[in-house]
Amino acid sequence: MCKLPPTPDDPLTAGHIIPRVRGGTNDLANYQAEHASCNYSKGATVGYVG
């Protein structure tokens, strides 16, 4: 999402592109790498594929 490299304090996690609460699935195509902080701050909003 933010294009910055991961750090030990903010590693990459797998985040949903389209949140499940908005109809997204757990299919591999609906995941993207995100910092943990970006994923948590995003909440259930529609993600960004960059």
Side-chain angles (χ1 to χ4, degrees):
M1 288 177 47
C2 69
K3 308 291 187 204
L4 296 174
T7 66
D9 293 331
D10 198 10
L12 293 179
T13 62
H16 289 94
I17 297 168
I18 300 172
R20 294 193 59 214
V21 298
R22 298 198 185 265
T25 66
N26 281 331
D27 293 336
L28 187 58
N30 191 38
Y31 282 101
Q32 64 184 355
E34 306 172 340
H35 287 106
S37 64
C38 293
N39 189 333
Y40 301 140
S41 69
K42 174 173 81 168
T45 61
V46 175
Y48 171 75
V49 178

Any Leu12 side-chain heavy atom under 4.5 Å of His35 side chain:
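Side-chain contact under 4.5 Å: yes.
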Residues that Asp27 engages under side-chain contact (heavy atoms from CB on, under 4.5 Å), provided they are two or more places apart:
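Result, side-chain contact (heavy atoms from CB on, under 4.5 Å) vs Asp27: Thr25.
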If you take all heavy atoms of Tyr31 and Ile17, which pair is closest and at what distance?
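Answer, listing the atom of Tyr31 first, then Ile17: O-CD1, 3.6 Å.
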Heavy-atom closest contact (Cys38 atom, Cys2 atom, distance):
SG-SG, 3.8 Å
Distance-only polar pair, side chains of His16 and Asn39, donor-acceptor under 3.5 Å:
no
Distance (rounded to the nearest 0.5 Å) between Asp10 CG and Glu34 CD:
11.0 Å
The criterion is side chain to side chain donor-acceptor pair (under 3.5 Å); which residues satisfy it with Asp9, sequence neighbours excluded?
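By the side chain to side chain donor-acceptor pair (under 3.5 Å) rule, Asp9 matches no residue at all.
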